[in-house]
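Working notes, structure below.
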Protein chains: 2
Amino acid sequence: MLDNLANINGLPQYIRIRESIRERILSGELVRGEKLPSEDELAMVYGVSRMTLRQSLADLIDEGLLYRKHGVGTFVALQQFARDHTVLRNFIETSKEEGLNVEEKLLDARLTSAKFQVARALNLEEGDKVVCLKTLRILEGNPITIHEAYFDHVKFSDFLEGNIEELSKDLLAYYESKGYKVKRGIQRLEARSIENDIAEILQIDESTPLLYKERTLYTAEGIPVEFLYCYNRGDLYSVTINLTT
Amino acid sequence: MLDNLANINGLPQYIRIRESIRERILSGELVRGEKLPSEDELAMVYGVSRMTLRQSLADLIDEGLLYRKHGVGTFVALQQFARDHTVLRNFIETSKEEGLNVEEKLLDARLTSAKFQVARALNLEEGDKVVCLKTLRILEGNPITIHEAYFDHVKFSDFLEGNIEELSKDLLAYYESKGYKVKRGIQRLEARSIENDIAEILQIDESTPLLYKERTLYTAEGIPVEFLYCYNRGDLYSVTINLTT
DNA sequence: GAGTGGTCTAGACCACCCG
DNA sequence: GGGTGGTCTAGACCACTCG
């Protein structure tokens, strides 16, 4: 074995192969339900060892794009499982990708003291200084969601001195720029009756229920970064979730 | 290399090692935030090659129990990410595991014709025969959820002739016994106002919002198995979701 | 029995991080 | 420079499925 030609374009081979196979599926070259060539054969075709090829397949199987049958083969799944709300993505960017008209309006940004629930989620003491950021999201002209985010003033002390309007458009990027790259989160959803002040901001009457959400975001290490309350118009907003095993 | 002693107790080595490491974390032997021995060292300790050991770690990293830092080491995450509603599990069994008092009451089971939404989800034609199964779930004495499940009468023709009361307690097991092992699902959540007949069954008044859910279950191949409407009491029921990347 | 995926080895070199 | 994880190899044997 000489050398691996891995970094021809800076990417590991298994990623290039994975994306090549994904492309062949999404383009329709590989039809749903169709059997792929065997792992041995694919490894040969792509010029890698079988272990490397299996690394490519593993990711696609995890996504639900492929499935394996022991002793039979590897197949393209019949159903594509779309991106969903279990993947953390920037709301404004993804909505724009989908061709939707989105605005975000800054409602409030200030320094405050952590109440019990916020403190517990962020692993702080009650009364510790936190930044509170309230925004309103407007989809196709309809106010749809109020966000009330909290994060540690010690970790993110320069937020309120920056261009808040700009920073709040991509908080995940801001967190990362401070060394806190968000990797995981836990969220909890409830149906709730609407409260007065929220009905007013969302411009709906009190019979419309709210899809209420609490969310905590963490780094890979498990450090809590943000705690969020989220009030969504029940009649316009739904949450899609992929389930496994 | 002689032979692999893999199947000493019927399990692959990487699974035994994975569970051993998981146990050491959950038992507190490995403390949160602590650095694990290097992969080379762990491989030596467990008497396997490094690639095999990495297979063990990969699963634990995926779960969020561990995280890696390139050039630094592998660490135990600070935050444990609990089991959640993105994992498909049997409701009655899991509730009992948690020490909760659960009952399930059969409301209705009959053959019917698929309406548009059901037909689309199950990949059938409108009017095709489907089984409709309605159940009520009661948690600690409170009616909490109405389930309205639909599945293909052709695939599951003997359901209505069986012991429905018994079969409906573990539909996933029933589906699997017919050769349809559920592997994935897509669900959608909304907040909704309550309707008359549902308010009556759940014994709540009409000001209580509903957490409404639609769900389709699929095999690994992507064959739709079940479509479900689910009406949850908003004031007693919440859904927890883990997010990644 | 032939073909497939499942597991495993004993190395190798690279990229990254730290002192 | 030394230690770590990231990628990759060129094989091997096993377990499963099907004709």
Side-chain angles (χ1 to χ4, degrees), chain A residues 1-21 30 33-62 65-77 179 181 183 220-221, chain B residues 1-21 33-62 65-77 179 181 183 219-221:
Chain A
M1 154 237 55
L2 309 177
D3 46 343
N4 34 21
L5 316 167
N7 292 1
I8 285 180
N9 50 23
L11 285 177
Q13 302 200 58
Y14 79 93
I15 292 180
R16 288 193 296 113
I17 295 169
R18 181 186 73 201
E19 296 311 317
S20 159
I21 295 173
L30 293 167
E34 186 177 348
K35 184 175 171 305
L36 266 65
S38 72
E39 296 182 347
D40 277 329
E41 196 176 333
L42 280 173
M44 211 174 57
V45 168
Y46 281 110
V48 297
S49 72
R50 188 172 153 225
M51 285 302 273
T52 298
L53 180 90
R54 278 177 64 81
Q55 205 174 347
S56 306
L57 296 185
D59 290 344
L60 297 171
I61 287 163
D62 204 52
L65 214 54
L66 299 177
Y67 65 97
R68 282 200 264 239
K69 282 190 182 178
H70 192 176
V72 186
T74 306
F75 302 81
V76 182
K181 185 180 167 74
K183 175 70 182 169
E221 293 91 331
Chain B
M1 153 238 54
L2 309 177
D3 47 344
N4 32 22
L5 315 166
N7 292 0
I8 284 181
N9 49 26
L11 285 176
Q13 301 199 60
Y14 78 93
I15 292 181
R16 289 192 297 111
I17 295 169
R18 180 187 74 201
E19 295 312 315
S20 160
I21 295 173
E34 186 178 346
K35 184 175 171 304
L36 266 64
S38 72
E39 295 182 348
D40 276 331
E41 197 175 333
L42 280 173
M44 210 174 55
V45 168
Y46 281 109
V48 296
S49 73
R50 188 174 152 223
M51 284 302 273
T52 299
L53 180 91
R54 279 177 63 82
Q55 206 175 346
S56 306
L57 296 185
D59 290 344
L60 297 171
I61 287 164
D62 204 52
L65 214 54
L66 299 177
Y67 65 95
R68 283 201 262 238
K69 282 191 182 176
H70 193 178
V72 185
T74 306
F75 302 81
V76 182
K181 185 181 166 74
K183 175 70 182 169
T219 64
E221 294 90 332

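Here the structure is a predicted model, which means the values were calculated and not measured. All chains are named by letter (A, B, ...) in the order of the sequence lines, taking the proteins before the strands, and each is independently numbered beginning at 1.
Put simply, B/Thr52 has a side-chain N or O that comes within less than 4.0 Å of OP1 or OP2 on C/dT9. OP1 or OP2 of C/dG5 has at least one side-chain nitrogen or oxygen of A/Thr74 nearer than 4.0 Å.
Between the CD atom of A/Gln55 and the C1' atom of D/dA10 there is a distance of 16 Å, rounded to whole Å. Distance CG (B/Leu57) to P (C/dC8): 14 Å, rounded to an integer number of Å. If you measure from atom CG of A/Leu36 to atom P of C/dT4, you get 12 Å, rounded to the nearest angstrom. Here the C1' atom of nucleotide C/dA10 and the CZ atom of B/Arg50 are 12 Å apart, to the nearest Å. Here C/dG3 presents its C1' atom at 8 Å from NZ of A/Lys35, a figure rounded to the nearest Å. If you measure from atom CG of A/Asp40 to atom C1' of C/dG3, you get 9 Å, rounded to the nearest angstrom. Straight-line distance from the CE atom of B/Met51 to the P atom of C/dA12: 15 Å, rounded to whole Å. For B/Met44 and D/dG5, the CE to P distance is 13 Å, given to the nearest whole Å.
Screening A/Val45, A/Val48, A/Leu57 for a side chain to side chain contact (heavy atoms under 4.5 Å, CB included) involving A/Ile17 leaves a single residue, A/Val48.
The 5' end of DNA chain D is approached more closely, in terms of each residue's nearest nucleotide, by B/Gly71 than by the other of B/Gly71 and A/Ile15. Nearest-nucleotide positions on DNA chain D for A/Val48 and A/Val72 put A/Val48 closer to the 5' end.
Side-chain proximity of B/Ser38 to D/dT9, C/dG6, D/dG5: nearest is D/dG5. The B/Gln13 side chain lies nearest to C/dC8 when the options are C/dG6, C/dC8, C/dA12. The side chain of B/Arg54 lies closest to D/dG6 when the candidates are D/dT17, C/dG5, D/dG6. Checked against C/dT9, C/dG5, D/dC8, the side chain of A/His70 finds its nearest nucleotide in C/dG5.
For A/Lys35 against A/Val72, the heavy-atom pair with the smallest separation is CE-O, 3.3 Å.
Side-chain contact check for B/Glu221 versus A/Lys69: some heavy-atom pair is nearer than 4.5 Å.
Every residue two or more places apart in sequence or in another chain was checked for a side chain to side chain donor-acceptor pair (under 3.5 Å) with B/Asp62, and none qualifies.
For the residue pair A/Ser56 and A/Tyr46, no side-chain donor N or O sits within less than 3.5 Å of a side-chain acceptor on the partner.
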